[in-house]
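To keep things clear, I will list the structure first and then write my remarks on it.
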Amino acid sequence: MAFIDWEDKYKINVADVDEQHMGLFDLLNRLHESVINGEDKSMQSTILDELIDYTVEHFATEEKLFLETGFSGYENHKKVHDDLTSQAVDIQNEFRNDNATISFELLDFLNDWLTTHTLGLDQEAGDFLNSKGVS
Ligand SMILES: [Fe+2]
Ligand SMILES: [Fe+2]
């Protein structure tokens, strides 16, 4: 069993978005594995950077679709994305500058954020996108 298991319930039935969500789950699993295996800091840092970059790219994909379809939940959804992004950048800086390690608390936070957001706001947005013929 992986740290975060992909299941069909996470799908929003928009192919590009589902693919990115799966990619984010994979990256979080890789980061977790790296911590469990005690890999060195530079490896963990590389995976963390990849996870954050891919998250930013993913948020941009969703927000572009919301704007193109006139999704009324855009502002609120974008704010939630922006808040996570700024938290992630803080974590990244802390990790780069200090001797901080990636804690299980941080991994749990990311796991919780990703599952809650994907099952919550992303599903609502997915229903709207599907109703506009985006799949
Ligand atoms: Fe998402
Ligand atoms: Fe989202």
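Counting starts at 1 for both ligands and their atoms, in listed order. Computed over heavy atoms, backbone and side chain alike; hydrogens, waters and symmetry mates excluded. Predicted, not measured: the structure shown is a model, and the values here were computed from it.
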Quiz item: If we ignore angles and hydrogens, is there a donor and acceptor under 3.5 Å between the side chains of His81 and His117?
Solution: yes
Exercise. Have a look at the Fe ion (ligand 2) and estimate, to 10 degrees, the angle subtended by NE2 (His117) and NE2 (His81).
Key: 90°
Quiz item: Is the number of heavy atoms from other residues, nucleotides or ligands under 6.0 Å of Gln87 CD greater than 12?
Solution: yes
Quiz item: Does the side chain of Asp122 come under 3.5 Å of the side chain of His21 through a donor N or O and an acceptor N or O?
Solution: yes
Quiz prompt | N/O/S atom name from Asp122 that is nearest to the position of the Fe ion (ligand 1) | solution = OD2
Quiz prompt | Backbone or side-chain N/O/S of His58 under 2.8 Å of the Fe ion (ligand 1) | solution = yes
Quiz item: Can you name the one residue among Asn29, Asp26, Leu24 that meets side-chain contact (heavy atoms from CB on, under 4.5 Å) with Ile4?
Solution: Asn29
Exercise. Have a look at Glu62 and say which of its N, O or S atoms is nearest the Fe ion (ligand 2).
Key: OE1
